Amino acid sequence: MPAALHEWNLAPREARALQTQLAKRLELTDRLAPVEHIAGVDIGFEDGGDTTRAAVVVLKWDPATAPDLSVVEQVVHREPTRMPYIPGLLSFREIPAALGAFEQLSVRPELVMVDGQGIAHPRRLGVAAHLGLWLDLPTIGIAKSRLYGKHAEVGEQRGDWVPLYAGNDIIGAVLRSRANVKPVFVSPGHRITLGTSLAWVTRCLGGTKLPEPTRLADRLASRRDQRK
DNA sequence: GCGACAG
DNA sequence: ATCTTGTCGC
């Protein structure tokens, strides 16, 4: 049987066991090639959830104009939704479609920002971490809300952040990306540290809550701006 | 047993 | 995530 079929059509029990195994393969140290292109990934749904829409936006990294970055490529890929949303198993629902979008990409980014958690997950394998292993690329998870971990209250100033803990381990950061707005949850996915993750997210932040890569991918994956 | 729970 | 217009606030 095709490995891909095996990998994604798992019962919750098996999916959780696989996450525990895959998490052992994560590299939580920096192993990035010089960054020239950064991709943003997000998934949306249509037809009441029957169709999954994956959006990937590739931006050219330019420290001279950042956070204003030019879009060099963008792809939207649709396919039938294969499984429901189950807290903790999001990657099994979203990654197949995300991979479909990446296959259509002509540019291979050196860094990928994903809408969701990296290792800030019960078994340390949020969608960003899982996707990083599949793509073998550095990934950062930027979630709009918390899934796992404890933290103190974060300051009100833009840039303030507090660590996100799983026991004594720091698994991410709660970042005030913009004043007067709920903070975002940043966590490394694969081949990157939390410190480097925060540095890149901050560099890509332009007066908005989300960094440019995922902000633009969100817009593409969402239903309003980009219509059918 | 009772909550919590990315998107 | 998605269903959905106007409206309050910096």
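Quick caveat: nothing in here was measured; it's all calculated off a predicted structure. First the proteins, then the strands, lettered A, B, ... as listed; each starts at 1.
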Handout entry: Pair A:F102 + A:H77: ring centers closer than 6.0 Å
Key = no

Exercise for the section: Classify the nucleic acid contact of A:G88 as base, sugar-phosphate or nothing, counting any heavy atom under 4.0 Å across all strands shown. Expected result: base

Rounded to the nearest Å, what distance is computed from the [atom1] atom of residue [X] to the [atom2] atom of nucleotide [N]?
| X | N | atom1 | atom2 | answer |
| --- | --- | --- | --- | --- |
| A:I86 | B:dC5 | CD1 | C1' | 12 Å |
| A:D42 | B:dA6 | CG | C1' | 11 Å |
| A:F45 | B:dA6 | CZ | P | 13 Å |
| A:H130 | B:dA6 | NE2 | C1' | 15 Å |
| A:R123 | B:dA6 | CZ | C1' | 12 Å |
| A:L89 | C:dA1 | CG | P | 18 Å |
| A:I95 | B:dG7 | CD1 | P | 15 Å |
| A:D50 | C:dT2 | CG | P | 13 Å |

Would you say that [X] contacts [Y] through its side chain, given a criterion of any heavy-atom pair below 4.5 Å between the two side chains?
| X | Y | answer |
| --- | --- | --- |
| A:S187 | A:S197 | no |
| A:L125 | A:L133 | yes |
| A:M113 | A:P211 | yes |
| A:L111 | A:I192 | yes |

I'd like a table of donor-acceptor pairs (distance under 3.5 Å, sequence neighbours excluded) in which one partner is a side-chain atom from residues 60-68 of chain A, with atom names and distances.
residue : atom : partner : partner atom : Å
A:D62   : OD1  : A:A64   : N            : 2.8
A:T65   : OG1  : A:D62   : O            : 3.4
A:T65   : OG1  : A:D68   : O            : 2.7

Using a cut-off of strictly less than 4.0 Å between a heavy atom of the residue and any atom of DNA chain B, enumerate the qualifying residues of [range] by number.
| range | value |
| --- | --- |
| residues 182-198 of chain A | none |
| residues 141-154 of chain A | A:A143, A:K144, A:S145, A:R146, A:L147 |
| residues 97-105 of chain A | none |

Euclidean distance, [Y] [atom2] relative to [X] [atom1], rounded to 0.5 Å:
| X | Y | atom1 | atom2 | value |
| --- | --- | --- | --- | --- |
| A:F45 | A:T81 | CZ | OG1 | 5.5 Å |
| A:I119 | A:L194 | CD1 | CG | 7.5 Å |
| A:L131 | A:D136 | CG | CG | 11.5 Å |
| A:L32 | A:E110 | CG | CD | 9.0 Å |
| A:L220 | A:Q74 | CG | CD | 4.5 Å |

Problem - Nucleotide-level pairing of DNA chain C, given in dot-bracket where Watson-Crick and G-U pairs need both distances under 3.5 Å and | marks other strands - result: ..........

Problem - Side-chain donor-acceptor pair present, A:T196, A:D30, cut-off under 3.5 Å - result: yes

For residues 84-98 of chain A, dump all side-chain donor-acceptor pairs below 3.5 Å to protein atoms at least two apart in sequence or in another chain.
residue : atom : partner : partner atom : Å
A:S91   : OG   : A:H130  : ND1          : 2.8
A:R93   : NH1  : A:M83   : O            : 2.7

Problem - side chain to side chain donor-acceptor pair (under 3.5 Å) contacts touching residues 199-217 of chain A (sequence neighbours left out) - result: A:E212-A:R215

Pairwise N/O distances under 3.5 Å, protein to nucleotides 6-10 of chain C:
none

Check: residues 137-150 of chain A side-chain donor-acceptor pairs under 3.5 Å, at least two apart:
residue : atom : partner : partner atom : Å
A:T139  : OG1  : A:A128  : O            : 2.8
A:T139  : OG1  : A:H190  : N            : 3.2
A:K144  : NZ   : A:D115  : OD1          : 3.0
A:K144  : NZ   : A:D115  : OD2          : 2.9
A:R146  : NH1  : A:G149  : O            : 2.9

Problem - Salt bridge present between A:D42 and A:R219 (N-O < 4.0 angstrom) - result: no

Practice task
Just grab all the salt bridge (charged side-chain N to carboxylate O under 4.0 Å, His left out) pairs involving residues 153-175 of chain A, residues at least two apart or on different chains.
Solution key: A:E156-A:R176

Exercise for the section: May I have all residue pairs that pass salt bridge (charged side-chain N to carboxylate O under 4.0 Å, His left out) and include part of residues 13-28 of chain A, sequence neighbours excluded? Expected result: A:E27-A:R31

Problem - A:V174 and its side chain to side chain contact (heavy atoms under 4.5 Å, CB included) partner, picked from A:V186, A:V162, A:V184 - result: A:V162

Practice task
Pull out every stem in DNA chain B, meaning runs of 3 or more consecutive Watson-Crick or G-U wobble pairs with both distances under 3.5 Å.
Solution key: none

